[in-house]
Visitor: 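Sending over a structure as structure tokens; questions will come in a sec.
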Amino acid sequence: MIKDLLHKIQEQQLKTFTSLNDFRSQKPLPTKRRGLYWFWTDLSNAELEHTITLENTKEVPIGKLVKYRKGLSCIADVKKDNFKIVYNGIGGYRTSSKAFGLRERINQEISCNDYRTGTLNLKRMFSLDNWAISYFDFDDEQNIEILKGLNSNETYIEFAKELENLWRLEFGTPILCRH
């Protein structure tokens, strides 16, 4: 059951694949939603390895991670067009206030200057032309149907982190993921 569920999630997230520039300008994902997200790049690992992270921040240490993980066998090798998955995470609210959603978390990964926030902070280091995003929206009608087998009224709260980890076990860990 879980393996089938993970492959359905994978199939759905691939349908949402879009460039970061289009994601930011067209806003295909409504606010105040919850789900999983994947960052893709067409940059080589050699190009990523030269990335320098700001000191005393929670920016993902892209260059260091790529350098230390070079040649490891369980790194995700999921590709679409000329892009490969390099990072994934979860985003969305856990309380009834719905203050912070999936789209907002994705935008934090693109640009965030709060030194306390874990972030890729892509806009500071790269051209967004080299990046894409995909996501699985737990609140989308079609995806609610896919998740029904988990038998939960709070699927995101109960299963988002677990599904993120299970996806990594099935498809490999994206090279820039730390946790």
Side-chain angles (χ1 to χ4, degrees), residues 1-42 60 74-112 114 117-123 128 131-179:
M1 177 193 141
I2 291 295
K3 188 173 179 114
D4 290 340
L5 175 63
L6 294 170
H7 282 267
K8 287 177 183 173
I9 289 171
Q10 176 70 0
E11 184 180 314
Q12 288 301 106
Q13 68 99 349
L14 287 171
K15 292 177 184 177
T16 67
F17 178 90
T18 187
S19 74
L20 279 189
N21 289 323
D22 285 348
F23 179 83
R24 289 171 60 97
S25 66
Q26 297 172 10
K27 297 180 172 72
L29 177 63
T31 60
K32 299 179 181 174
R33 302 298 274 255
R34 303 167 297 171
L36 307 168
Y37 62 91
W38 292 261
F39 275 89
W40 305 68
T41 189
D42 63 0
V60 173
C74 292
I75 300 298
D77 190 31
V78 179
K79 296 177 180 164
K80 182 171 176 62
D81 302 329
N82 294 324
F83 288 80
K84 63 186 174 193
I85 289 178
V86 292
Y87 189 79
N88 78 321
I90 62 173
Y93 56 90
R94 293 187 154 287
T95 65
S96 59
S97 72
K98 299 183 181 183
F100 197 76
L102 179 58
R103 187 171 95 194
E104 293 80 11
R105 179 63 186 141
I106 291 168
N107 283 326
Q108 264 189 337
E109 298 285 11
I110 297 167
S111 179
C112 180
D114 186 336
T117 303
T119 177
L120 292 168
N121 213 6
L122 297 175
K123 194 171 178 186
L128 295 186
W131 294 85
I133 188 75
S134 61
Y135 52 88
F136 180 85
D137 177 359
F138 277 52
D139 299 307
D140 177 88
E141 288 296 324
Q142 192 172 3
N143 295 342
I144 289 170
E145 191 63 34
I146 290 169
L147 296 170
K148 271 190 178 171
L150 295 173
N151 297 319
S152 172
N153 291 329
E154 293 291 345
T155 309
Y156 178 78
I157 292 169
E158 291 182 38
F159 292 102
K161 188 67 180 158
E162 184 66 19
L163 288 171
E164 174 191 37
N165 289 329
L166 289 168
W167 184 93
R168 291 174 183 173
L169 288 171
E170 179 66 14
F171 297 100
T173 300
I175 197 163
L176 301 181
C177 289
R178 297 183 284 184
H179 310 286

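Positions are given from 1 along the sequence.
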Visitor: Show, in sequence, the C-alpha distance, side-chain angles and deciding distance for L122 and F39, and conclude whether the side chain to side chain contact (heavy atoms under 4.5 Å, CB included) test is met.
Guide: CA-CA 10 Å; L122 297 175; F39 275 89; 3.7 Å; yes
Visitor: Less than 4.5 Å apart, side chain to side chain, heavy atoms only: is that true for R33 and D140?
Guide: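 Yes, side chains in contact.
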Visitor: Which atom names give the shortest non-hydrogen contact between K32 and D139, and what distance separates them?
Guide: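 Minimum heavy-atom separation between K32 and D139: O-OD2, 4.4 Å.
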Visitor: Any side-chain heavy-atom pair from T16 and Y37 closer than 4.5 angstrom?
Guide: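 The answer is no; the side chains never approach within 4.5 Å.
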Visitor: Is there a side chain to side chain contact (heavy atoms under 4.5 Å, CB included) between L163 and L147 once you walk through the steps?
Guide: CA-CA 11 Å; L163 288 171; L147 296 170; 4.1 Å; yes
Visitor: Calculate, to the nearest 0.5 Å, the distance between atoms OG1 and CG belonging to T41 and N82 respectively.
Guide: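 Taking OG1 in T41 and CG in N82, the distance rounds to 11.0 Å.
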Visitor: Do you know which two heavy atoms are closest between G172 and A76, and how far apart they sit?
Guide: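 Heavy atoms only, the tightest pair is O-CB, 3.5 Å.
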Visitor: Using side-chain heavy atoms (C-beta onward) and a distance below 4.5 Å, is E109 in contact with I106?
Guide: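 Side-chain contact under 4.5 Å: no.
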Visitor: Contact between L120 and Y87 at the side-chain level, heavy atoms closer than 4.5 Å - yes or no?
Guide: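 They are in contact (side-chain heavy atoms under 4.5 Å apart), so the answer is yes.
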Visitor: Rounded at 0.5 Å granularity, tell me how far CD1 in I2 sits from CZ in F159.
Guide: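 Nearest 0.5 Å value for the CD1-CZ distance: 7.5 Å.
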Visitor: Between E145 and Q142 (side chain of the first, backbone of the second, donor and acceptor by atom type, cut-off under 3.5 Å), is there such a pair?
Guide: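 Flag not set: sc E145 to bb Q142 has no pair under 3.5 Å.
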Visitor: Have a look at L176 and tell me which of N88, V86, I85 forms a side-chain contact (heavy atoms from CB on, under 4.5 Å) with it.
Guide: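 Among N88, V86, I85, the one meeting side-chain contact (heavy atoms from CB on, under 4.5 Å) with L176 is V86.
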Visitor: If you define the side chain from C-beta out and look only at heavy atoms, does anything of V78 sit under 4.5 Å from Q10?
Guide: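 Result yes, sub-4.5 Å side-chain heavy-atom pair found.
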Visitor: What pair of heavy atoms forms the shortest contact from T18 to D22, and how long is it?
Guide: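 Residues T18 and D22, closest heavy atoms: OG1-CB, 3.3 Å.
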Visitor: When you measure from the side chain of D81 to the backbone N and O of F83, does any donor-acceptor pair fall under 3.5 Å?
Guide: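 Answer holds: no.
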Visitor: Which heavy atom of T119 sits nearest a heavy atom of Q108, and at what distance?
Guide: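 Residues T119 and Q108, closest heavy atoms: OG1-O, 2.7 Å.
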Visitor: State whether the side chain of N143 and the backbone N or O of D137 hold a donor-acceptor pair below 3.5 Å, judged by distance alone.
Guide: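 Confirmed, N143 side chain pairs with D137 backbone.
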Visitor: How long is the gap from CH2 on W131 to CG on D42, to the nearest 0.5 Å?
Guide: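 Between W131 CH2 and D42 CG, I get 9.0 Å after rounding to 0.5 Å.
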Visitor: Which of parallel (below 30°), tilted (30 to 60°) and perpendicular (above 60°) describes F138 and Y156?
Guide: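 Because their plane-to-plane angle is over 60°, the rings of F138 and Y156 count as perpendicular.
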Visitor: What's the separation between atom NZ in K148 and atom OG1 in T155, rounded to the nearest 0.5 Å?
Guide: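 K148 NZ to T155 OG1: 10.5 Å, rounded to 0.5 Å.
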Visitor: Could you walk me through whether L36 and Q13 pass the side chain to side chain contact (heavy atoms under 4.5 Å, CB included) test, one step at a time?
Guide: CA-CA 9 Å; L36 307 168; Q13 68 99 349; over 6 Å; no
Visitor: Are W38 and F136 packed together at the side-chain level, in the sense that at least one heavy-atom pair is separated by less than 4.5 angstrom?
Guide: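 When only atoms from C-beta onward are counted, F136 and W38 do touch, with a gap below 4.5 Å.
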Visitor: Rounded to the nearest 0.5 Å, what separation is found between the CH2 atom of W167 and the NE2 atom of H7?
Guide: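 One finds 10.5 Å between CH2 of W167 and NE2 of H7.
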Visitor: Between P174 and R168, is any pair of side-chain heavy atoms under 4.5 Å apart?
Guide: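 Result yes, sub-4.5 Å side-chain heavy-atom pair found.
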Visitor: Do NZ/NE/NH1/NH2 and the carboxylate oxygens of K8 and E11 come within less than 4.0 Å?
Guide: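 No, K8 and E11 are not salt-bridged.
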Visitor: May I ask you to check whether over 12 heavy atoms, not counting those of K79, lie within 6.0 Å of atom NZ?
Guide: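 No, not enclosed.
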Visitor: For the residue pair E158 and S152, what are the closest heavy atoms and their distance?
Guide: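 Closest heavy-atom pair between E158 and S152: OE2-OG, 3.0 Å.
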Visitor: Mind checking the OG-CZ spacing from S19 to R24? Nearest 0.5 Å is all I need.
Guide: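 Here the interatomic distance stands at 11.0 Å.
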Visitor: Measure from the side-chain N and O atoms of S134 to the backbone N and O of L14, and report whether any donor-acceptor pair falls under 3.5 Å.
Guide: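 Not confirmed, S134 side chain does not pair with L14 backbone.
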Visitor: State, with a plain yes or no, whether a side-chain heavy atom of L150 is found less than 4.5 Å away from one of L5.
Guide: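 With C-beta onward as the side chain, the pair touches.
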